[in-house]
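Below: one structure, written as structure tokens.
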Amino acid sequence: MKVIRTLTEYNQWHSTTDANAEIGFVPTMGALHQGHLSLIRQSTKENYLTVCSIYINPTQFDKKEDLIKYPKALKKDIALLKTTNCDVLFVPDDRQMYPEGEDLTRYEFDFSQIDTLLEGKHRIGHFRGVGIVVSKLFEMLKPTKAYLGEKDYQQLQIVKRLAVAMKLNLSVIGSLTTRESDGLAMSSRNLRLNQNERTEATFIYQMLQKAKEKYSKGETIATIQFSIIDKFNKHPSFKLDYFEIVHEETFLASGNKSNWRCFVAAFIGPVRLIDNMPLIA
Ligand code: AMP
């Protein structure tokens, strides 16, 4: 696996590849885990070449502290990636991604309001930052397929819309969430949990399962939502940001009565975790 740090170097590598070779791309912020690796493996199975990127994107963080504390583990990440058939790891620095004085407005897209709901409502500017960095990476790396996790379901839908808006010849593929054995969605942020918090964090998964169970028994969306929010509020270790059941494409609580998905964001200690689950799987 080649570790590439600049666009010039990437273009050199790219010019040596077959022009028709499909390039699968997995954008990440590093501190890799099995969830990331499952995306890489899917890409290596489905494409001739696979490129992974690691870049902690400052423009998508609404809180400076969260950016500073974001886990970093480049050496370990490289070792993990070497266990896959990933061809290139692209690790740009801030100067590569955000040259001084650059006009970022051309990387801003209309996401038909879905960027203002859920994560967008609770992390102001988050999806603007995601849109900027992902569109820049797409432009730089020229992939034919991009693999993103359903773990960040709203982000996945944003990136699908972005690829259409950019008129790219690129398919955006969503992959299922990889979970720990107790159901907790794998996340780089889990590294920041202490032992006690890690044990308690499975409550998020349990609540998603509970919502699904209630739905299968015929409870209404409003009742399910009310009861799960109440359980979070009564839990001594959690501070709930939101628990919402909405349509999985519009992110609204109205419209088509199928395709409901629950979305949750909650703090356990200082760490904010998110997860989601379809009500019918
Ligand atoms: P991140 O490094 O957190 O920005 O994530 C990079 C990509 O990996 C995103 O597309 C995430 O949705 C995806 N991802 C993160 N956690 C998981 C997981 N547990 N299962 C599957 N994909 C994941």
Side-chain angles (χ1 to χ4, degrees), residues 24-46 50-63 66-67 69-74 76-78 80-81 84 86 89-92 97 114 118-120 123 126-138 141 143 145-163 170-193 198 201-202 204-205 208 248 261 263-265 271-278 281:
F25 173 46
V26 181
T28 82
M29 297 206 295
L32 301 182
H33 49 66
Q34 289 303 320
H36 295 116
L37 296 193
S38 75
L39 302 185
I40 303 273
R41 292 203 177 96
Q42 190 177 350
S43 172
T44 59
K45 256 190 223 151
E46 296 177 6
T50 290
V51 176
C52 170
S53 67
I54 294 182
Y55 178 63
I56 302 176
N57 174 37
T59 62
Q60 73 186 68
F61 285 83
D62 56 336
K63 293 201 177 84
D66 199 21
L67 169 63
K69 293 210 168 138
Y70 199 85
K72 295 159 196 78
L74 189 59
K76 194 170 157 234
D77 289 347
I78 292 175
L80 273 176
L81 284 171
T84 70
C86 183
L89 169 62
F90 183 59
V91 202
M97 292 308 294
I114 69 164
L118 302 173
E119 281 301 279
R123 299 181 70 192
H126 173 63
F127 287 124
R128 174 183 172 271
V130 168
I132 291 171
V133 78
V134 173
S135 54
K136 274 172 165 270
L137 288 166
F138 283 173
L141 306 177
K145 285 188 189 153
Y147 294 82
L148 284 95
E150 286 194 352
K151 158 77 172 39
D152 301 279
Y153 196 85
Q154 200 177 0
Q155 171 176 277
L156 167 65
Q157 299 305 325
I158 292 266
V159 173
K160 281 188 174 175
R161 281 167 164 77
L162 181 148
L170 164 80
S171 324
V172 177
I173 294 159
S175 303
L176 291 177
T177 301
T178 307
R179 297 181 179 279
E180 301 286 357
S181 54
D182 65 354
L184 177 67
M186 288 189 181
S187 165
S188 308
R189 285 189 162 84
N190 295 351
L191 291 172
R192 292 181 55 203
L193 300 172
R198 168 61 192 85
T202 185
I204 295 177
Y205 175 71
L208 291 171
E248 66 179 16
R261 191 175 275 262
F263 292 86
V264 56
V271 185
R272 186 174 183 276
L273 299 177
I274 62 169
D275 201 349
N276 68 86
M277 191 175 282

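We're numbering straight along the sequence, starting at 1. Note that this is a predicted model, so its numbers are computed, not measured. All ligand and atom numbering here is 1-based and tracks the order in the structure.
For ligand 1, residues of the protein lying within 4.0 angstrom by heavy-atom distance are P27, T28, M29, H33, G35, H36, L39, Y70, L148, G149, K151, D152, Q155, L176, T177, T178, M186.
A donor-acceptor pair is defined here as one N or O able to donate and one able to accept, closer than 3.5 Å; no such pair exists between the side chain of T59 and the backbone of R128. Proximity of a side-chain donor or acceptor of T177 to a complementary backbone N or O of A185 within less than 3.5 Å is not detected.
Two residues are said to be in side-chain contact when any heavy atoms from C-beta on lie closer than 4.5 Å; K136 and N57 fail this criterion. Using a 4.5 Å cut-off on side-chain heavy atoms (C-beta onward), F138 and F25 make contact.
When each of R189, R179, K151 is tested with D275 by the rule salt bridge (charged side-chain N to carboxylate O under 4.0 Å, His left out), just one qualifies, namely R179.
No hydrogens or angles considered: nothing links the side chains of Q34 and T178 as a donor-acceptor pair under 3.5 Å.
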